[in-house]
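Single-structure report; data block below.
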Amino acid sequence: MNQSRYWLLKSEPKSFSIDDLAACPEQTTQWDGVRNYQARNYLRDQMQPGDLGFFYHSNCKQPSIVGIVEICSAGYPDPTAFDPESPYFDPKSRIERPRWFMVDVRLVEKFSHPLPLKRLQQYRKELEGLTLLQRGHRLSVMPVAPEHWRFILSLTEKP
DNA sequence: GCCAACGTTGGC
DNA sequence: GCCAACGTTGGC
């Protein structure tokens, strides 16, 4: 049995919020549209069903971790890359040789109190190495170390 | 809305 | 293979 991993998935609430996920059938959606190679590699090579991830709202008034999702598929080719009608269309991704990948994601929990980035930044020491806190980072899919995962969860218990 | 930081592109 | 130009991300 493989060790499960922890992740952080960013989304702009203007385009897809945690409430949008909650409204999906089975509270499950395809995490499509990721167009960054490093993030792609995580999706394609490392995510496994059963992994957990934080759902993060970015590029909004109060950037925050707003809940938890479960990864419920392995990585598989992102069909939006093949669809000329899609905003995520990429002609260089061929069906025979897909360039972009995605996973399915299910809502596990929406926090009653979101955890603002501002608050996380108060724990530089405890969260040292967390990609989210690194200057200028732009990854929309990133791993979270187990000790960071646990620490962040503990913050939600004392809002 | 601003702008720094970043990843990608393409000319050379 | 370098690197300037460009478009995008995302906090503020």
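Straight-line distance from the OH atom of A:Y37 to the C1' atom of B:dT8: 9 Å, rounded to whole Å. For A:M142 and C:dG10, the CE to C1' distance is 11 Å, given to the nearest whole Å. Distance A:K92 NZ to B:dG10 P: 6 Å, rounded to the nearest Å. The separation between A:H57 atom NE2 and C:dC12 atom P is 17 Å, rounded to whole Å. Atom-to-atom, CZ of A:R35 to P of C:dT8 comes out at 14 Å; the value is rounded to the nearest Å. Spacing between atom CZ of A:R119 and atom P of C:dG11 amounts to 18 Å, rounded to whole angstrom units. Rounding to whole angstrom units, OH of residue A:Y56 and P of C:dT9 are separated by 15 Å. For A:L117 and C:dC12, the CG to C1' distance is 11 Å, given to the nearest whole Å.
Picking from B:dG7, B:dA5, C:dC12 the nucleotide with the shortest atom distance to the side chain of A:N36 gives B:dG7.
When each of A:R99 and A:G136 is assigned the nucleotide of DNA chain B bearing its nearest heavy atom, the one mapping closer to the 5' terminus is A:G136.
The cluster map of Ile, Leu, Val, Met, Phe, Trp and Tyr, joined by side-chain heavy atoms under 4.5 Å apart, puts A:M142 and A:L153 in the same cluster.
Under the 3.5 Å distance criterion, with hydrogens and angles disregarded, no donor-acceptor pair is assigned to the side chains of A:D83 and A:T80.
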> Which is it for A:Y88 and A:W100 under the ring-ring contact (aromatic ring centres under 6.0 Å, His included) test, yes or no, and what are the steps along the way?
Replying inline: CA-CA 10 Å; A:Y88 303 125; A:W100 303 116; over 10 Å; no

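Between A:R135 and B:dA4 there is no side-chain N or O to OP1 or OP2 distance below 4.0 Å. Between C:dC12 and A:Q121, a contact under 4.0 Å exists linking OP1 or OP2 to a side-chain N or O.
Contacts of A:Q134 with the nucleic acid, taken as non-hydrogen atoms under 4.0 Å apart, are absent.
Screening A:R40, A:R35, A:R99 against A:D78 for a salt bridge (Lys or Arg N to Asp or Glu O under 4.0 Å) leaves a single residue, A:R35.
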